[in-house]
Enquirer: 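Let me give you the structure first, and then I'll get to my questions.
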Number of protein chains: 6
Amino acid sequence: MRNDGREPNALRPVTMTRRYIKRAEGSVLIEVGDTRVICTATVENKVPPFLRNANQGWVTAEYGMLPRSTDTRMQREASKGKLSGRTQEIQRLIGRSLRSVVDLKKLGERTIWIDCDVIQADGGTRTASITGACIALFDALTYMRQNREIDCMPLKDFVAATSVGIVNGKALLDLNYLEDSKAEVDMNVVMTGSGKFVEIQGTAEEDPFSAEQMQEMIALAKTGIEQLIKVQRTALGETLFNKYL
Amino acid sequence: MRNDGREPNALRPVTMTRRYIKRAEGSVLIEVGDTRVICTATVENKVPPFLRNANQGWVTAEYGMLPRSTDTRMQREASKGKLSGRTQEIQRLIGRSLRSVVDLKKLGERTIWIDCDVIQADGGTRTASITGACIALFDALTYMRQNREIDCMPLKDFVAATSVGIVNGKALLDLNYLEDSKAEVDMNVVMTGSGKFVEIQGTAEEDPFSAEQMQEMIALAKTGIEQLIKVQRTALGETLFNKYL
Amino acid sequence: MRNDGREPNALRPVTMTRRYIKRAEGSVLIEVGDTRVICTATVENKVPPFLRNANQGWVTAEYGMLPRSTDTRMQREASKGKLSGRTQEIQRLIGRSLRSVVDLKKLGERTIWIDCDVIQADGGTRTASITGACIALFDALTYMRQNREIDCMPLKDFVAATSVGIVNGKALLDLNYLEDSKAEVDMNVVMTGSGKFVEIQGTAEEDPFSAEQMQEMIALAKTGIEQLIKVQRTALGETLFNKYL
Amino acid sequence: MRNDGREPNALRPVTMTRRYIKRAEGSVLIEVGDTRVICTATVENKVPPFLRNANQGWVTAEYGMLPRSTDTRMQREASKGKLSGRTQEIQRLIGRSLRSVVDLKKLGERTIWIDCDVIQADGGTRTASITGACIALFDALTYMRQNREIDCMPLKDFVAATSVGIVNGKALLDLNYLEDSKAEVDMNVVMTGSGKFVEIQGTAEEDPFSAEQMQEMIALAKTGIEQLIKVQRTALGETLFNKYL
Amino acid sequence: MRNDGREPNALRPVTMTRRYIKRAEGSVLIEVGDTRVICTATVENKVPPFLRNANQGWVTAEYGMLPRSTDTRMQREASKGKLSGRTQEIQRLIGRSLRSVVDLKKLGERTIWIDCDVIQADGGTRTASITGACIALFDALTYMRQNREIDCMPLKDFVAATSVGIVNGKALLDLNYLEDSKAEVDMNVVMTGSGKFVEIQGTAEEDPFSAEQMQEMIALAKTGIEQLIKVQRTALGETLFNKYL
Amino acid sequence: MRNDGREPNALRPVTMTRRYIKRAEGSVLIEVGDTRVICTATVENKVPPFLRNANQGWVTAEYGMLPRSTDTRMQREASKGKLSGRTQEIQRLIGRSLRSVVDLKKLGERTIWIDCDVIQADGGTRTASITGACIALFDALTYMRQNREIDCMPLKDFVAATSVGIVNGKALLDLNYLEDSKAEVDMNVVMTGSGKFVEIQGTAEEDPFSAEQMQEMIALAKTGIEQLIKVQRTALGETLFNKYL
């Protein structure tokens, strides 16, 4: 039995509140258990320098944690004057994950800025960020269509993510912070609505893991992500995207 | 008539949600109209170097804005690698304001970290931060008393703040963003529950102002702050502090 | 009696030496008691990015202290690699104060850089900076008129500043360092030649202050600033500006 | 046929030159095709702050590229004044990979600093760094044993790494730079001498990948790493470690 | 004839004003033609970490220029957030030059901080800094003797510096800014009162120079420095040091 | 007898390996005793901002040390986030030295970036960098001629450098690290193939030096540099440059 009473293959309760921030083109408050992340999507009418005249758009992500989102107060990265390696890794992961389901040509010369800010952290903040940001991104793209900035929806699929791990020798889905901090193996998996992999990052925190353990974790992750994508579909309701996909 | 229908001397609706962040010793979500700020108070069992062996505590504040709290996305200060002058000014203001109502000797050799993070900004974020942080601070001090870390409540009074300004030649209370951006004069006032001034910062954005205008603004601010302190009292309800003061 | 023998409402001796730095368009050494500040004004033929094509000019200020201007040597901000919050606050204050008396439209697309460098510090360096910089600015604008870069004088009024405070319960004008370091309340006031307020910043260092105390401090500041503006007028002598105003 | 004539499942030629830097406790020049990395291991007699009094040691890694190791000159990170996100990701990966095969308790309160500096880059610099650093680490540990600083060898196993990817729909082992830059999927795999996984990082650069593709890539990686570990064994020759394992 | 009417072997007028900054242990305003530098010496009762328990003292120097000390306003290094290479080179040069005439053992575990701040620049600021700082250092050491912090004077000799150069093929002493900016060769020479070299830095700005030219420049520098040391002796007057040496 | 058995006027063995880095336009591994430096020259088709439209090219240099090139591991400057004063001094020296033998007009609007990275350090790394970079620069310029980017060779002469010093009162050529660390005087000399001086930097580390000692050191340096230029000529073999000069 897990410390919060879940079965090994159970996700924590997940909710997504759309339009949480009034002025953003897209915004979602995602809650996965006690983990809460505000995801916003902002449309900017230009592309980064390396894409100038490339006739395509871009999706990029930034990630932050409020200092007291964690058990012990963390120093603010703005005060330290630099982003930690962990923050940069997460930002790159979120950006890559979302770009994998966007047709950048159809965006035109625009950048979508995804901001994921963790209000309360209890494990799985990077995977919750991806899952929530997918919906904020959808809403921003819908906003662009409604304003006739784009002709068709550049989103090709849903994308969602979860963590899995080996704790006390046992594979578990959707680790909370306590589980994560004592996991022997920690794996983040990002998948699309059509069941393909976007990213797999598995790390042996102490002891290397076997091929069998890897298969078991991937299978668990797949189950979890399928459920998360159902929650996404429900959040969107009768929107164009659900009809379209 | 103001752009949101208020009378010149009317505050926007104010709410305070205590214990908004589970793990913080004190936390409040304050909403003043569309301005929303998460305030937390964290207890640390040491003091900054300049107070070592001074036999007293310290209260310090940090302030941040989510990149999309504003109408147009702002660059993240953590990405820029430094705090703007504005952020530092606000941090110093919040810290000074709260210290003015705390008996630092009674804190013992401890630091209370106040974090004010703006989730949505519509003018008056620094004054909302002070008003909300006062309650988060109260809750953290109560937590310390319940854990017998301190013997008596080191808070001497309530403290709250609001902005006033001259817009189109007319003095207005509690400016929202639209009003603030076209104000001729902008003044932030911080007062205690007993009606004394902690801080007055009045700035002529374009044209200098007269002594009469100053008096009028200060009178408006006083009315507003008295109401805010009532909201604080209501939020605390039947707590020790209300009894005590 | 004050530690330097002054009456409560007496300024320290003030002198202003114009053209102190040979090559600057305007430069003043201002001495207020033992506080000495070099103020220069530099004309640059472009505006900051946020004013491009706005058909107006800009006035901006920078402030620094020599490491040994103070009693104990301070670390050089250039060595620390960043400006302190205090320095940025003062820079913003000086800039705002001077802009309040300049008609930016008449400047054309030019920036006036004000540099205030404290050679020796004995309290009141930010207010001495404003008072001295006003004259350096005047000289730079005169230089521009003489070179026919502008047609008329864009300066609308004099501006000067002083500090007041409550020390041992008593309101004092123009605090020196010793007084400033033990003041219960510290207030900086910036006023124009026509007696209007540009900026009021009053801070309770320890105990909140009453409305009566505020009135008393403001009255003292007014007297002081009127004298400072007389010193400015004398420094300018038979110049166009004195005739013009 | 690949652009350098290799079969899909063929590694590039690999050589390791031990004791390449005279004064380092351990040092290796590893060459994998045209990729050349200098790996050194330095012993320091203290641990980072977070391990003080934890009665164990630490292994940490830093990674850099000479500005002209790449086709086009890169700006030096020391000149830019900060490490890129990519560099930090790689540093963390190398550190984790090596720690997974070290018994940190047996190290005592010491830190081993691994430095991997890329002299020439042609794809796979992070995996070559891990493979080479394992041998530099072995030599530094042997040096410590010979100086009787430790009683037994704290290395539990070999560790080596390679990249695999999908290029034009086909799974390939050990991508060179040209292949890497057009890969649809890119995966780095770190394994031990006993065939267990330490790290798997698979990323869809454009299109998500299927479970079958993942299996195929992992199988290829396994073959490659087995060969790399043979090269490591050969490099070590008749040393204690080969006898011991 | 030179642009300011001097003979090739003539120094500009030199004056030194001692005790220019009230609170510093030693302070000098040195003027060499239009070049003006404030030099202060501050005593600190500790040594840098690399000298802890080495039973000796240290002398270190910092150098800065006011933004408008130059013809065109320079950006403030504190605003740029870092010291230029030129500033660091000069700081190291001043520090080495002064240390060469101090018996660091006799200082005890103390650091003397030399600050050289250029108020107005017209060539030769680094050499004027050394010449002025020698006297500020003397005054700080005298202050220490008078306070019985040290028993004997740790200064072993005078030290002074000047620049020489080749301009239009001709060797000139003590270059002003205009000469310096068109010099083919530029050389800074630091010598002691007893005529020995502390530092020679000769640089061909465009064309390499011959051995004969080098000899000529060194002879000129020697003459100049002998005169500067006479000025230093006069500035000190009937002090212990003049008697002592 | 010196610690490595050399005569006072003997250089250490010198070798230069051209084309050490495959993709650079010019590259040399220079070894001077145990000092090893990789020098590359990169051609960039633009000039720095201060030379825009000046109808000439530029040569600039960067210098770095691998963390374990030295006896004790040094912290990486990229990790510290800034270049030390020493690094900047060396970068400026290398750049100036190379520019003194290049006809910048003939380069066209191009920048040659020289990178000198110390792989192993045993004294004299800055002088070895200059000596090696001269050949890398030659190769890059030859590459440009072969690609018809320039019509004639912009290199006017060879340039090479060595260090000399006074150790135990005796003048020595080409100091190794052990000698350098106990030298009383340390001098770096840069000369051209035609025997002229480009740069002389002599520093008394402890005691000032006499005119005679200076002459002796310069004579030694001259002998050494003549030999280094012979090694350069040999390295180039039957190239255009040898014919041309």
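Labels below follow one simple rule: chain letters A, B, ... track the order of the sequence lines, proteins then strands, and each chain is numbered from 1.
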Enquirer: Contact part of Ser27(D) toward chain F, heavy-atom cut-off under 4.5 Å: side chain, backbone, both or neither?
Expert: neither

Enquirer: For the interface with chain D, which of Thr40(F), Thr42(F), Ile38(F) has the highest count of heavy-atom pairs at distances below 4.5 Å?
Expert: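 Result: the option with the highest number of such pairs is Thr42(F).
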
Enquirer: Take atom NZ in Lys105(F); do more than 12 heavy atoms of anything else shown fall under 6.0 Å from it?
Expert: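 Buried by this count: over 12 neighbours within 6.0 Å.
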
Enquirer: Quick one: which residue pairs count as a salt bridge (Lys or Arg N to Asp or Glu O under 4.0 Å) with a foot in residues 65-83 of chain F, not counting sequence neighbours?
Expert: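 Checked against salt bridge (Lys or Arg N to Asp or Glu O under 4.0 Å) - neighbours excluded - the pairs reaching residues 65-83 of chain F are Arg23(D)-Asp71(F), Glu25(D)-Arg68(F), Glu62(D)-Arg73(F), Glu62(D)-Arg76(F), Asp115(D)-Arg73(F), Asp115(D)-Arg76(F), Asp117(D)-Arg76(F).
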
Enquirer: Evaluate whether atom CG of Asp151(D) has more than 12 neighbouring non-hydrogen atoms of other residues, nucleotides or ligands under 6.0 angstrom away.
Expert: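 No, not enclosed.
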
Enquirer: Kindly indicate whether the side chain of Ser69(D), heavy atoms from C-beta on, has any atom under 4.5 Å from the side chain of Ile21(F).
Expert: no

Enquirer: What part of Ser79(F) gets within 4.5 angstrom of chain D, counting heavy atoms only: side chain, backbone, both, or neither?
Expert: both

Enquirer: Has Lys22(F) got more than 12 heavy atoms of other residues, nucleotides or ligands less than 6.0 Å from its NZ?
Expert: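 Count not over threshold, so no.
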
Enquirer: Taking C-beta and beyond as the side chain, do Ile119(D) and Ile119(F) meet within less than 4.5 Å on heavy atoms?
Expert: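 A side-chain contact exists here, since the closest heavy-atom pair is under 4.5 Å.
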
Enquirer: Of all the residues in residues 89-97 of chain D, which have a heavy atom that comes within less than 4.5 Å of a heavy atom in chain F?
Expert: none

